[in-house]
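In listed order, ligands and their atoms are each counted from 1. Numbers for residues simply follow the sequence, beginning at 1.
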Amino acid sequence: MDIKLVQFQSHGDDRGSLVSLEENKNIPFDIKRVYYIFDTKDKVTRGLHAHKKLKQLAIVLKGSCRFTLDDGKEKIELLLDNPAQGLLIESFIWREMYDFSEDCVLMVLADSIYDENDYIRDYEEFLQVVNNG
Ligand code: TYD
């Protein structure tokens, strides 16, 4: 599946930890947009879409949440709970995020500005597109 867990270098010392993100270095694209999700209510599932072009990298800065990633052929479940780890998600991957801890802050870096036309929000349509071109 076209996803990758990226381990960032954490500059830790006796004061704590620091992670640096640089476009086209440890972030493998031009960063055109950053958004973050927080205060997520109990039992909420977010995402429930795929993108036609967009490439994104998700980092849980605080707390934890689970991802289900689906390319139409297989599904992978992942727990993100490490701010020094990024989840790179290429286009045409259906994603669902759930089990957000109360303190979860999920930050997403994206290679394009927001464009509703880039979304596939219907799962049956997604399966059609990935399985039949
Ligand atoms: P939504 O797509 O429902 O979020 P998720 O996929 O995480 O469940 O987005 C919630 C709202 O925020 C929706 O009205 C669209 C808007 N939005 C923006 O304006 N800009 C953005 O970059 C994103 C991701 C969403």
### Query
Are His51 and Tyr119 an aromatic pair by the rule of ring centers under 6.0 Å?
yes
### Query
With backbone taken as N, CA, C and O and side chain as the heavy atoms from C-beta onward, which portion of Arg121 lies under 4.0 Å from ligand 1: side chain, backbone, both, or neither?
side chain
### Task
Would you confirm whether any non-hydrogen atom of the protein falls under 4.0 Å from atom 2 (O) of ligand 1?
yes
### Query
Purely on distance, is any nitrogen or oxygen of Tyr35 under 3.5 Å from one on ligand 1?
no
### Task
For atom 11 (C) of ligand 1, state whether the nearest protein heavy atom is under 4.0 Å away.
no
### Query
Do the charged groups of Arg121 and Glu116 touch, with an N to O distance under 4.0 Å?
yes
### Task
Among all protein heavy atoms, pick out the one at the shortest distance from atom 22 (O) of ligand 1; state its residue, atom name and that distance to 0.1 Å.
Arg33 NH1, 2.5 Å
### Task
For ligand 1, indicate whether the residue Ile37 contacts it via side chain, backbone, both or neither (heavy-atom separation under 4.0 Å).
side chain
### Message
Would Arg46 count as being in polar contact with ligand 1, using the rule that some N or O on each side must be under 3.5 angstrom apart?
### Response
yes
### Query
Is Gly47 close to ligand 1, meaning an N/O of one under 3.5 Å from an N/O of the other?
yes
### Task
Check whether more than 12 heavy atoms from other residues, nucleotides or ligands sit under 6.0 Å from atom NZ of Lys43, and answer yes or no.
no
### Task
Classify the angle between the aromatic ring planes of Trp94 and Phe126 as parallel (below 30°), tilted (30 to 60°) or perpendicular (above 60°).
tilted
#### Entry: CD1-CZ distance between Ile27 and Phe8, expressed to the nearest 0.5 angstrom
4.0 Å
### Query
Going through the distances and angles, do Leu78 and Leu69 end up as a side chain to side chain contact (heavy atoms under 4.5 Å, CB included)?
CA-CA 8 Å; Leu78 276 177; Leu69 301 149; 3.9 Å; yes
### Message
Please list the nearest protein heavy atom to atom 23 (C) of ligand 1 with its residue and the distance rounded to 0.1 Å.
### Response
Tyr114 CD1, 3.6 Å
### More than 12 heavy atoms of other groups within 6.0 Å of Lys62 NZ
no
### Query
side-chain contact (heavy atoms from CB on, under 4.5 Å) with Cys65: which of Val60, Asp81, Thr40, Val105?
Val60
### Task
May I ask whether Gln56 has any heavy atom positioned less than 4.0 angstrom from an atom of ligand 1?
no
### Task
Give the residue, atom name and distance (to 0.1 Å) of the protein heavy atom nearest atom 6 (O) of ligand 1.
His49 CE1, 2.9 Å
